[in-house]
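The figures here come from the full heavy-atom set of this structure, side chains too, leaving out hydrogens, waters and symmetry mates.
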Number of protein chains: 2
Amino acid sequence: VGAGHFSEPEARLSRATAQRLSLYLRCLGSGARNGGTVSSVDLARAVGVSAAQVRRDLAALGHLGRRGVGYDAAGLATAIRRTLGIDRPWRAVLVGVGNLARALLRYRGFRDQGFLIVGLFDNDPAKVGQTVEGLLVEPTSTIPARVPALRAELGVLTVPSESAQALADALTAAGVRGLLNFAPVLLRTPATVRVVTVDLAIQLEQLAFLVQLPDGQAEGVERPPAGR
Amino acid sequence: VGAGHFSEPEARLSRATAQRLSLYLRCLGSGARNGGTVSSVDLARAVGVSAAQVRRDLAALGHLGRRGVGYDAAGLATAIRRTLGIDRPWRAVLVGVGNLARALLRYRGFRDQGFLIVGLFDNDPAKVGQTVEGLLVEPTSTIPARVPALRAELGVLTVPSESAQALADALTAAGVRGLLNFAPVLLRTPATVRVVTVDLAIQLEQLAFLVQLPDGQAEGVERPPAGR
């Protein structure tokens, strides 16, 4: 890492820090606000980390809370959105129009956070031509032309494991820069294309792991928010 | 943490380590095997961590690879399953029978990893009485009696945010010990009930964060497996 990178602190955020920022942002938007301010203790309780961790994370964004007052919630939300790169909309296409895709299309959280699904693709002739949540399902063979035309930067893959790599390759060739992958496979992509895999069986495994831990042994477990 | 805990090394695993173990397990089951053995380098490449990290994680389970030979894949998988607590089946109920629930019910990964969905609940009279993937949809009002009868230890919540807390409370009162929550809210539960929240908007936010990083700046990013 060259010295030049130190002039852009947000570029050096670890993925773990970025995940905590997402969680802080969710709290800021979901009523943890109190007269426009929020304390590090509130955020810490809601997210399940220490208040010192919250203060370190937010100081790295240039936000220092005022003792006894806390952070300005709106200013903090803006800073987090800028750091995460979600202070502008992101256009995404969705490939594989099954039950999971329909659930994602109805999920308000995506649009609320600025993620716009602008195209749907499937290779099943019975699905092509259908309209789902206001979007026409197009054949996957049209990905090379349609993804650039739709100005989509992200792809969401809700296809079976067997098809995931070929469709990841098609999206990559069409210029997509990031893939949200729901197939339980590790995708191969060029280093310039980022992948986040949501492996739902792994989430259940992690839950089983936490459940069988002795009480008080779980590190990094979600904690109930304040006010219970 | 009392000294007694040190006799059970797996009880002191961090959540981050547990997540890496889940990923190693996925590789062991998906063809990374080579004549029954797998190397730390193979696992490291597939999961996106250093080989030294793999060796540390597996040494903590009591598994030392043999130089030039690697690890016995089957033995390693057994040890990881035991450590994560998934060397036995887990029974779960699913609450909220919408598109996401239907996708989860068809998802082979759950059953393959020993997670059995044994009951379905919904509060929509139009859905109660339907059979979905071979299971009868029962009214949520029957959760107190049915969850113990079904011997379910885990609950999967695929309900809107507004209903999530009340149904989490009902499942908790019925004896469930862990909740996999898909609603974008932080649930309040007693300390004895663990919660893993899958917030899909957060996954997209993390992807956007990774995409806007300069090349080579992404720490902890998924890497392509070996053999590309």
Query raised in the report: When you look at CZ of A/Arg151, are more than 12 heavy atoms from neighbouring residues, nucleotides or ligands closer to it than 6.0 Å?
Result: no
Mind checking the [atom1]-[atom2] spacing from [X] to [Y]? Nearest 0.5 Å is all I need.
X        : Y        : atom1 : atom2 : result
B/Gln19  : A/Gln203 : CD    : CD    : 7.0 Å
B/Leu210 : A/Arg177 : CG    : CZ    : 11.5 Å
B/Leu104 : A/Leu100 : CG    : CG    : 7.5 Å

Taking the side chain as C-beta and beyond, is there a heavy-atom pair between [X] and [Y] under 4.5 Å?
X        : Y        : answer
B/Arg106 : A/Asn99  : yes
A/Phe115 : B/Leu207 : no
A/Tyr107 : B/Pro184 : yes
B/Ile202 : A/Gln113 : no

Query - Cationic N near anionic O, under 4.0 Å, B/Glu205 to A/Arg26 - result: yes
So which of [options] has the biggest tally of heavy-atom pairs under 4.5 Å with chain B?
options                      : value
A/Val193, A/Leu180, A/Asp112 : A/Leu180
A/Ser22, A/Ala103, A/Gly85   : A/Ser22
A/Leu179, A/Leu21, A/Thr158  : A/Leu179

Report summary line: Residues A/Leu186 and B/Cys27: closest non-hydrogen pair is CD1-SG, 4.0 Å
Query raised in the report: Which heavy-atom pair separates B/Val196 from A/Gln206 by the least distance, and what is that distance?
Result: CG2-C, 4.5 Å
**Report entry** Pick from B/Ser161, B/Ala208, B/Gly98 with the largest number of heavy-atom pairs that fall under 4.5 Å of chain A
**Finding:** B/Ala208
**Report entry** Residue that, paired with B/Leu204, satisfies side chain to side chain contact (heavy atoms under 4.5 Å, CB included) out of A/Leu154, A/Val198, A/Ile86
**Finding:** A/Leu154
Query raised in the report: Can B/Leu200 and A/Phe182 be said to form a side chain to side chain contact (heavy atoms under 4.5 Å, CB included), step by step?
Result: CA-CA 11 Å; B/Leu200 299 170; A/Phe182 286 89; 3.7 Å; yes
